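Would you mind keeping the following structure in view while I ask a few things?
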Number of protein chains: 2
Amino acid sequence: MAQKRASTAVGPEESCLQIGEVAERTGVTQRTLRFYEEKGLLKLPIRLEGGFRLYSEVDIQRVEQIKRLQKLLGFTLAEIKEMVDAEEVKLQLQAEYRPDAAISQKKTQLLRAIEVTERQHGLIRQKVDALREMQSKLEERLDTFHGWQVHLEEAQAKADGKAKTKAKA
Amino acid sequence: MAQKRASTAVGPEESCLQIGEVAERTGVTQRTLRFYEEKGLLKLPIRLEGGFRLYSEVDIQRVEQIKRLQKLLGFTLAEIKEMVDAEEVKLQLQAEYRPDAAISQKKTQLLRAIEVTERQHGLIRQKVDALREMQSKLEERLDTFHGWQVHLEEAQAKADGKAKTKAKA
DNA sequence: TCTAACCTTGACGTTGAGGTAAAACATCGC
DNA sequence: GCGATGTTTTACCTCAACGTCAAGGTTAGA
């Protein structure tokens, strides 16, 4: 362990994790974190004077989100980027909600965000539908299998019975 | 169009589509079909004397299944292979159900098939759950957005009203 | 028989999503 | 100041899932 928490260098409330710890806690490699950054999936992290990246808990959550979207749901990193971008827009709108200059510009941004969100929603519904269909098919198949299993048990019992009778005789 | 349906060359009931037509109907390329074959996702098709591949409707269905699993649900071809292999086992068991020699062997196979199917089922449930969570989050977000939208409209109306009053004065 | 359209195998290229290795800098505890 | 770790950038490697020629064989139809 070479470094402790550099907890006073940047801001008062940031959690300030270095890349190694983020990697460990999220289960991805450091390379992957840099790669995501390069691809715009993670925003450029603040740096220590020496150039070391400093992450926050929010970043960790985002990484976990990315992994879920990718591994569980099969989205590509490009699609995921679109999603996190939309999220970014939301946060931005949320933060800048007070200083209400340029209302019509905000309206445009908002419309864009809504559009993206609705597309995502539709995409997900498609996936859910497909999954449900698969699921019911699998259940059907399992039923069939169990039926066969019973059938096989019976057949075997009969065969055994015959064998025993023969052995007795 | 250089060839017609070679409908009498192999069997009486097979549909006999050539690779080009299968590609067109499924929306994948010929290269992809050969690739799937190479990877064991499609069984080796029967061939015309000249070596041309001949597919059936069942093959088309399988290709469509593969594409769904892959694009919609994010399974890798390796995972998909496992699934279609399981399906193959099922068909095999189904076909060989009559000649009931070696019952215990069949039981083993059946157990294996059940195991795979149940794993798939669980996997899919996980995915559905994750997707549902995402979906409700998105709906929540859309609600927020629409609220903001209304808010912005009001703000703009107010601003416009002021402007008009000023212009009148 | 000849040709246009279709198919074959083979080999190399590409893109996405990282892995791995190297050389040099940073930080901490001593 | 030094050594042990931890990080940084650069650069090349890999693996999956195809794309893209290239060179040649096949088939139906005029």
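By convention in this document, chain letters (A, B, ...) are assigned in the order of the sequence lines, proteins followed by strands, and residues within each chain are numbered from 1. Keep in mind that this is a model prediction, so the values were computed, not measured.
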Check the phosphate of dT7(D) against Q30(A), side-chain N and O only, distance under 4.0 Å to OP1 or OP2. Yes or no? yes
Looking at R53(A), does any N or O in its side chain come under 4.0 Å of the phosphate oxygens OP1/OP2 on dA26(C)? no
Earlier contact from the 5' end, DNA chain D, for G50(B) and L77(B): L77(B)
Below 4.0 angstrom from OP1 or OP2 of dT9(C), is there any side-chain N or O of R47(B)? yes
What's K81(B) touching, base or sugar-phosphate or nothing? Going by heavy atoms closer than 4.0 Å. nothing
DNA chain C: 5'-proximal contact among R31(B) and K39(A) (nearest heavy atom): R31(B)
Looking at Q18(B), I'd like to know whether one of its side-chain N or O atoms comes within less than 4.0 Å of OP1 or OP2 on dC7(C). yes
OP1 or OP2 of dC18(D) versus the side-chain N and O atoms of K71(B): is any pair under 4.0 Å? no
Determine whether more than 12 heavy atoms belonging to other residues, nucleotides or ligands lie under 6.0 Å from atom CD of E24(A). no
5' priority, DNA chain C, between G51(A) and G51(B) [closest heavy atom]: G51(B)
Measure from the side chain of F52(B), starting at C-beta and using heavy atoms only, and say which of dA17(D), dA17(C), dG25(D) lies closest. dG25(D)
Y36(B) vs dA17(D): side-chain N/O to OP1/OP2 distance below 4.0 Å: no
Establish, from distance only, whether the side-chain atoms of K107(A) and Q149(B) form a donor-acceptor pair under 3.5 Å. no
Does T29(A) have a side-chain nitrogen or oxygen under 4.0 Å from the phosphate oxygens OP1 or OP2 of dG18(C)? no
Decide whether a cation-pi geometry holds between K81(B) and Y36(B); the criteria are a distance under 6.0 Å from NZ or CZ to the six-membered ring centre and an angle within 45° of the ring axis. no
What I want to check is whether an N or O donor and acceptor connect the side chain of R34(A) with the base of dT9(D) at under 3.5 Å. no
Are the side chains of E133(A) and K137(A) in contact, using a 4.5 Å heavy-atom criterion? yes
T32(A) side chain N/O closer than 4.0 Å to the phosphate oxygens (OP1, OP2) of dG19(C)? yes
